[in-house]
Amino acid sequence: MVLYTWDPAENTIRRSSLEDIIEAIYALTMLIPVGRVTSYGNIARVLGINPRLVGLAMKKNNKPIIIPCHRVVAWNGDLKNYSRGGPLVKEKLLRLEGVKVENRRVPREYFIDLYKMLIDPPT
DNA sequence: ATTTGCTCAGCTC
DNA sequence: GAGCTGAGCAAAT
């Protein structure tokens with residue numbers, strides 16, 4: 001899938017740059033409530049992009065307070081990395097927000113499904 | 001539970 | 001260009 005974006009300077013539609021896509025990723029990340037997580041793949045599915053791009057965006061995140069990238073984990077609950085301090089800091093932050101982490105895994109019940117919420121709500 | 005294949009930006013030669 | 005590395009995932013085994 002190819003994403004397109006509005007370019008106000010040129011008053012035209014153009015193919016999204018990587019930065020545009022990363023902005024969209026951040027916007028979705030900010031929708032995750034305190035005490036909940038979602039997966040890289042779930043965010044990727046909303047935008048129709050490759051999950052690895054979501055990981056790339058998280059790594060580039062330079063506003064870790066505004067953009068809660070610690071609430072994005074692997075689909076199977078693995079914490080994966082956290083560029084500000086590694087997985088242990090990620091685990092600590094999640095615990096502070098009330099997310100249980102068992103054997104370095106986040107249990108299913110803490111996941112929210114952004115795709116279901118935004119794209120494919122129950123009929 | 002483990003392996004395999006797909007994927008793509010960024011980095012190195 | 002070619003080859004490798006990830007903050008990934010799903011399907012097959």
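Letters A, B, ... mirror the listed sequences (proteins, then strands); counts begin at 1. Heavy atoms only: backbone and side chains are in, while hydrogens, waters and symmetry mates are out.
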I'd like to check the side chain to side chain contact (heavy atoms under 4.5 Å, CB included) partners of Leu88(A); sequence neighbours left out, ordered by chain and number.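 For Leu88(A), the residues satisfying side chain to side chain contact (heavy atoms under 4.5 Å, CB included) (neighbours in sequence not counted) are Arg104(A).
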
Exam field: side chain Asn42(A) to backbone Leu114(A), donor-acceptor pair closer than 3.5 Å: yes

Whether the side chain of Thr29(A) engages the backbone of Ile67(A) through a donor-acceptor N/O pair (distance < 3.5 Å, no angle test) should be reported.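 It does not hold such a pair.
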
How would you list, by chain and number, every residue that makes a side-chain hydrogen bond (donor to acceptor under 3.5 Å, both in side chains) with Ser83(A), sequence neighbours excluded? none

Which value, in whole Å, describes the distance between the C1' atoms of nucleotides dT7(B) and dG6(C)? 12 Å

Can you tell me, in whole Å, how much space there is between the P of dC4(C) and that of dG5(B)? 16 Å

Euclidean distance, Leu28(A) CG relative to Leu118(A) CG, rounded to 0.5 Å: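 These two atoms lie 6.5 Å from each other.
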
For a quick check of understanding: with a heavy-atom distance under 4.0 Å over all strands, which category does Leu79(A) fall into, base, sugar-phosphate or nothing? nothing

Base, sugar-phosphate alone, or nothing: which one does Ser39(A) contact when heavy atoms must sit under 4.0 Å apart?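 Sugar-phosphate: the residue Ser39(A), judged by heavy atoms under 4.0 Å, touches backbone atoms but no base.
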
How does the hydrophobic cluster around [X] look, that is, which other residues are in it when side-chain heavy atoms under 4.5 Å mark a link?
| X | answer |
| --- | --- |
| Ile65(A) | none |
| Tyr82(A) | Val89(A), Leu93(A) |
| Tyr110(A) | Val37(A), Val73(A), Leu79(A), Leu94(A), Val99(A), Val101(A), Val106(A), Phe111(A) |

Chain A footprint on DNA chain B, 5' to 3' - any atom under 4.0 Å from a heavy atom: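 Listed 5' to 3', the contact boundaries are dT7(B) to dG10(B).
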
Contact between Pro87(A) and Lys80(A) at the side-chain level, heavy atoms closer than 4.5 Å - yes or no?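 With C-beta onward as the side chain, the pair stays apart.
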
Of all of residues 67-78 of chain A, which get a heavy atom below 4.0 angstrom from DNA chain C, listed by number? Cys69(A), Ala74(A), Trp75(A)

Where does DNA chain C form stems of at least three consecutive Watson-Crick or G-U wobble pairs, each pair having both distances below 3.5 Å?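 Expected stems, ordered by start: B:1-6 with C:8-13, B:8-13 with C:1-6.
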
For Ser39(A) against Val72(A), the heavy-atom pair lying closest together: C-CG1, 3.9 Å

Leading and trailing nucleotides of DNA chain C with any atom under 4.0 Å from heavy atoms of chain A: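 Result: dG6(C) to dA10(C).
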
Without placing hydrogens or testing angles, list every side-chain donor-acceptor pair under 3.5 Å for residues 49-60 of chain A, not counting sequence neighbours.
unit_1, atom_1, unit_2, atom_2, d
Asn50(A), OD1, Arg52(A), N, 2.8

Mind checking what makes salt bridge (Lys or Arg N to Asp or Glu O under 4.0 Å) contact with Arg105(A), not counting sequence neighbours?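 For Arg105(A), the residues satisfying salt bridge (Lys or Arg N to Asp or Glu O under 4.0 Å) (neighbours in sequence not counted) are Asp78(A).
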
Could I get the full list of salt bridge (Lys or Arg N to Asp or Glu O under 4.0 Å) partners for Glu97(A), not counting sequence neighbours?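 Glu97(A): salt bridge (Lys or Arg N to Asp or Glu O under 4.0 Å) contacts with Arg71(A).
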
